Amino acid sequence: MTPGAADGVPAHASPDRAWLAEDWWAAIVGLGVVVAAIVAFASGDSLNWFAVTPRVWSTVQDLIDQFAGDAGRYLALGGVLLTVFAAAARLMGQRPVRFAAGFVGVYLVSIVILTASAWDNSRHLNLETPLIALVLGLLLANTVRLPDWLESSLRVEFYIKIGVVLLGATLPLPVIVLAGPIAILQASLASVVTFLVIYNVARFLDIDRRLAAMLAGGGSICGVSAIIAIAGAVRAKRQDISVATTMVIGWALVMIVLLPLLARAWYLSAGVGGAWIGTSEYADAAGFAAAQTFGGFARNGRIAGTPDQALWAYTLVKVVGRDMWIGVWAAALSLIAVTRWEPAESGRGVDLTQIWTRFPKFILGFVVASLLVTWASHGHSFADFDTVTRPRLMAPIDTLRNWAFTFSFLSIGASLRIRGLAPITGNAFLAFSIGVVVNLVLGFVLSAVVFESYWGSIAR
Amino acid sequence: MKRLLGLFRQRGGRDCGGCRHFEDNPHRIERMLPNLSVLGSAHASVAFGSGICVLHDTYQSDRFGCEDWVAAAMGAARGR
């Protein structure tokens, strides 16, 4: 297929593509919400009217009364989200009308998901939002043929990055500053060890070095994003990317269910479990699904701690500890590829600028959001925090974050065509799975033993 | 040391970024890599500067180059 031949889309991206990257738009949208919340708060109001979400209900009549009373709010929220997301989609080169049509579907199905998880029996059955969204999405994607216009709005990474920025708004900046070094140390130890294990086992099993590097990166750094970054740095075969992606997707889905259950079975507190999930999950979206599920156990009193602690610990280890360094890994592997894997005549240099170009820019939005809200709330007393700041400034941001996460979890399931997964070899499965076990054990030791006292009391 | 420093020097001209066979449109990349968007994105910063060589069926940085380089069509090639 010749680039640009069939579908009218330009063959090459524009020179200033960096400014159209998804990360920047996620940061802009997220920070836009935070600024709007701060402005409303400062003027004595709040975004609570917009930030509607289904409340706990028991009977169908409860539900009818809720939606009858809040119909206008749901329409307003949907309208604002549609406008903002469609504009961002347009600026990222997508067709806004197709995106908008698809997003209406995403929004409506998300209302169903949030309503289901708000049913009082859902809590007793541990049916948390991420699992409902994932299962519903998988059913939709693999039982009916979803139209293209719906698929264009299934932007897993875009929604989760917005959610991360909004999460930053509820995490005090001092916590990020103090926890950062510990998160980086824990994540780096686990990443380096796991990478070396997977890579060396893969090479021992005669797997091509580029595929071995992608498997190792996917299993130790940050899943599919790491695979893409490393693939670009080492010139990978397209088929091998699909193999590595299949491996990560498979294990990431398993971990969404397994990690929260294991953490609960072993009585890990919310913060400790969140840190373990941050060390052991592969992709941000899958990890948030697991961490939010585990946090739900805290809300129901099944584990010690708070739901926020699970999310915060996860975010610090995964986003600050792992995601940030992806450009460094790509540059290092690029150097290895050029000096050891390729002929000297290839004529290619090592591009150190990729440390910045590949840096996940939404992390900047996460930190800035924390800075803004920390600043906006600093003049209030501790007593005021619980009665004024939290309900009027942070609560609506939390609610909107929950929406963003729900869109992302639904998109994971609805994007996954099980029949489209690439076949994997036994050797690739073995190498990756050995790394999974090593990572789980190492992550558990670091989270629940070495740094237990820290994660167990995070932000308390 | 000279060789090491030489590795970091820019080598311009006939690189994939200006080649007809190079596909770096994120929408098309996602179509050519099924299930990539389940837990990743070709629009993300991590994918910046990379694309698919449709001739060799590889995914790589636009700074790579090879002897099969063919100039992209006028108006479509990227500048730096």
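Here is the naming used below: chain letters follow the sequence lines, and residue numbers restart at 1 for every chain. Just so it is clear, the model here is predicted, and its values are computed rather than measured.
- From Ser411(A), atom OG reaches atom CZ of Phe405(A) across 13.0 Å, with rounding to the nearest 0.5 Å.
- Each of Phe99(A), Phe158(A), Trp24(A) was checked for a side chain to side chain contact (heavy atoms under 4.5 Å, CB included) with Met92(A), and the lone residue meeting it is Phe158(A).
- If you tally non-hydrogen atom pairs under 4.5 Å between each of Thr58(B), Leu33(B), Val46(B) and chain A, the highest count goes to Val46(B).
- Using a 4.5 Å cut-off between heavy atoms, Glu30(B) touches chain A through its side chain atoms alone.
- Interface remark: of the candidates Ile412(A), Asp284(A), Asp323(A), Leu154(A), Ile412(A) forms the most heavy-atom pairs closer than 4.5 Å to chain B.
- Contact count versus chain A (heavy atoms, under 4.5 Å) is highest, among Pro34(B), Cys53(B), Gly40(B), Ser37(B), for Gly40(B).
- Interface summary for chain B: among Ala26(A), Ala229(A), Ser408(A), Ala231(A), the most heavy-atom pairs under 4.5 angstrom belong to Ala231(A).
- Other residues, nucleotides and ligands contribute more than 12 heavy atoms inside 6.0 Å of the CZ atom of Arg417(A).
- Contacts between Ile326(A) and chain B at a heavy-atom distance below 4.5 Å involve the side chain alone, from C-beta outward.
- Chain B forms more heavy-atom pairs under 4.5 Å with one residue of Arg358(A), Gln94(A), Arg155(A) than with any other, namely Arg358(A).
- Salt bridge present: Glu22(A) and Lys161(A) bring a charged side-chain N and a carboxylate O closer than 4.0 Å.
- Judged by distance alone, with hydrogens and angles left aside, the side-chain atoms of Asn142(A) form a donor-acceptor pair with the main-chain N or O of Ile418(A) at under 3.5 Å.
- Contacts between Ala283(A) and chain B at a heavy-atom distance below 4.5 Å involve the side chain alone, from C-beta outward.
- For Leu36(B), the parts lying under 4.5 angstrom from a heavy atom of chain A are both the backbone and the side chain.
- The distance from the CD1 atom of Ile227(A) to the SG atom of Cys222(A) is 9.5 Å, given to the nearest 0.5 Å.
- There is no contact between Ile160(A) and chain B, counting heavy-atom distances below 4.5 Å.
- In this structure a side-chain-to-backbone donor-acceptor pair under 3.5 Å is present from Ser153(A) to Gly102(A).
- Between Arg238(A) and Asp57(B) there is a salt bridge, since at least one side-chain N of the basic residue sits less than 4.0 Å from a carboxylate O of the acidic one.
- Only the side chain of Ile241(A) comes within contact range of chain B, with heavy atoms under 4.5 Å apart.
- Your options are Thr246(A), Val248(A), Val156(A), and the one with the most heavy-atom pairs under 4.5 Å with chain B is Val156(A).
- A cation-pi arrangement is present between Lys361(A) and Trp356(A) under the rule of less than 6.0 angstrom and at most 45 degrees off the ring axis.
- Looking at Thr245(A), the atoms closer than 4.5 Å to chain B (heavy atoms on both sides) all sit in the side chain, from C-beta outward.
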